Protein chains: 2
Amino acid sequence: MPDVKHFDPDAALDTAMRLFWRQGAASTGVQDVVAATGLSRSSLYATFGGKQELYRAALERYAHGRSQLLLGPLEEDGRGLPAVHAFFARLIDTRCTGEFARWGCMVSNAHAGAENADPAVRAVLERQHRRLRAALHTALLAARRNGQLADDADPETAADVLALLAHGVNLRSRAGADPGRLRATVTAAITALTGGG
Amino acid sequence: MPDVKHFDPDAALDTAMRLFWRQGAASTGVQDVVAATGLSRSSLYATFGGKQELYRAALERYAHGRSQLLLGPLEEDGRGLPAVHAFFARLIDTRCTGEFARWGCMVSNAHAGAENADPAVRAVLERQHRRLRAALHTALLAARRNGQLADDADPETAADVLALLAHGVNLRSRAGADPGRLRATVTAAITALTGGG
DNA sequence: CACATCCTGGAACGGTCATTCCAAGATAGT
DNA sequence: ACTATCTTGGAATGACCGTTCCAGGATGTG
């Protein structure tokens, strides 16, 4: 069976993901992907199907790749409150500096765009939001066990608040918000929600 | 001077605004605007210029129209904390029920899309964010004067947090978030930030 | 009614969109 | 080396993109 591809599908999908992430699905043409990946239209369509399926695959890759880089440590970090602080520190750092500065979050971006007309895309958005919320919730429960929470603090709604706050950070970072101010803002939010002084 | 237009420019711009609001600039074609407004390409271009200028005008109309409906009352309401609660109640109600349910906020949407590549658009986004933040800040200062704030509450960062939270609400409402849960979430956030029990 | 002026409808423009197709090239098994 | 099978580059597709243009209709003025 001679069916060895002349290119790396993973690398190509990663390149496409970055285009969709930065520009959105509607503003990214198949032509852009072809030019950026270097492979031909034939190979692209044969490997990934159409544009919509390519976007879905790119979004999945983001969820399991880039998103994992932020959520994974939060899910595994059992320290409680410090884990939450560390997560937001990483988040803001990622959103505001380095290669992906001003790109925001591909999931948050998909929320705001016409991409979410696709039910499959919406399912990913829901899954990722639930995952973020659950990770924060777990960390807050650990914080409670560790005695890092005030008695009147509610891990349920606090997780909801922080999850919404993350979306806000993602959005504002695309407009070039000051990372220092974002840090101060989320720190104040966490402190207030956990009853810290 | 026979120069009376055969249509109402305000109504046409409002129709275009709704298309851009719901679908985003990239996914809305001039053809869509022509079909929705009923006027011809000639009149559209003669009145508004090109598509980009039309989008800018629509965004401005949103800022001074729809956005004003939410921010205006907040800016004029001197009650302090109740004004903040009322603002978020109106916000969530607007985002989740009625004609504009699941449309999110045109300003938040523009943050996440390719629209903000236009410096003029970015300027509007900054202006609107500053306005929201300032209105919340003013309300929190009034709350302080009215003795509705705990001593350790900080109106500066609290305003920042709530402004980011509003973006989060706008985003999640597009995915069909449960308004009741959003209300509980923002209520918890306001309570925590203002030191209420 | 004649005129000048503006607005309107609709055709037409080149360019780009996503997608398909096919001949030519590369590969693995024999 | 031959063949079967798959991938590849690139042309070609029809549809739609934003934009321009122009003939003709409507309007207010003399």
Side-chain angles (χ1 to χ4, degrees), chain A residues 1-60 110 113-121, chain B residues 1-60 110 113-121:
Chain A
M1 301 174 179
D3 65 334
V4 179
K5 289 188 192 305
H6 296 182
F7 63 93
D8 180 4
D10 254 24
L13 183 55
D14 198 77
T15 301
M17 180 199 76
R18 291 170 192 228
L19 287 173
F20 285 134
W21 179 3
R22 190 177 27 174
Q23 306 171 357
S27 300
T28 303
V30 175
Q31 174 68 24
D32 299 337
V33 180
V34 167
T37 58
L39 47 83
S40 69
R41 283 174 167 75
S42 316
S43 309
L44 206 159
Y45 275 86
T47 309
F48 301 106
K51 178 186 176 179
Q52 194 60 29
E53 298 167 21
L54 177 59
Y55 175 79
R56 283 200 285 254
L59 186 60
E60 285 285 1
E115 291 91 343
N116 74 354
D118 183 344
V121 169
Chain B
M1 303 171 179
D3 66 332
V4 180
K5 291 188 193 301
H6 294 182
F7 65 93
D8 180 4
D10 255 23
L13 183 55
D14 198 75
T15 301
M17 179 200 75
R18 291 169 191 230
L19 288 173
F20 285 135
W21 179 4
R22 191 176 25 170
Q23 309 173 354
S27 300
T28 303
V30 175
Q31 173 69 26
D32 299 336
V33 179
V34 167
T37 58
L39 45 81
S40 69
R41 286 176 164 73
S42 316
S43 308
L44 206 159
Y45 276 84
T47 309
F48 301 107
K51 179 187 176 179
Q52 193 60 30
E53 296 167 23
L54 176 59
Y55 176 79
R56 283 201 284 255
L59 186 61
E60 285 284 2
E115 292 90 344
N116 74 354
D118 183 345
V121 169

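Owing to the predicted nature of the structure, the values given are computational and were not obtained by experimental measurement. Hydrogens, waters and symmetry mates play no part in the numbers below; they use all other heavy atoms, side chains included. Lettering of chains follows the sequences in order, A, B, ..., and the numbering in each one begins at 1.
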Separation of B:Asp8 atom CG from C:dT8 atom P, in whole Å?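 Value for this atom pair: 12 Å.
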Check each residue of residues 29-54 of chain A for a non-hydrogen atom within less than 4.0 Å of any atom in DNA chain C, then write out the ones that pass by number, or none.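 Only A:Gly29, A:Val30, A:Gln31, A:Arg41, A:Ser42, A:Tyr45, A:Gly50, A:Lys51 qualify.
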side-chain hydrogen bond (donor to acceptor under 3.5 Å, both in side chains) involving [X] - partner list, sequence neighbours excluded:
| X | answer |
| --- | --- |
| B:Gln52 | B:Asp118 |
| A:Arg22 | none |
| B:Ser43 | B:Ser40 |
| A:Glu53 | none |

Residues within residues 14-24 of chain B bordering DNA chain D, heavy-atom distance below 4.0 Å: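 DNA chain D contact set from residues 14-24 of chain B: none.
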Which atoms form the tightest heavy-atom contact between B:Phe48 and B:Pro9, and what is the distance?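 Looking at all heavy atoms of both residues, the shortest contact is CZ-O, 3.7 Å.
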Considering residues at least two apart in sequence or located in another chain, which fulfil the salt bridge (charged side-chain N to carboxylate O under 4.0 Å, His left out) criterion with A:Glu60?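 A:Arg127.
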With sequence neighbours excluded, residues passing salt bridge (charged side-chain N to carboxylate O under 4.0 Å, His left out) with B:Asp32: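 Checked B:Asp32 against salt bridge (charged side-chain N to carboxylate O under 4.0 Å, His left out); zero matches.
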Classify A:Thr28 by what it touches in the nucleic acid, base, sugar-phosphate, or nothing, heavy-atom distance under 4.0 Å.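 Sugar-phosphate contact only - A:Thr28 comes under 4.0 Å of backbone atoms but never of a base.
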Tell me, please, which residues at least two apart from B:Ala57 pass side-chain contact (heavy atoms from CB on, under 4.5 Å).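 B:Ala57 satisfies side-chain contact (heavy atoms from CB on, under 4.5 Å) with B:Leu13 only.
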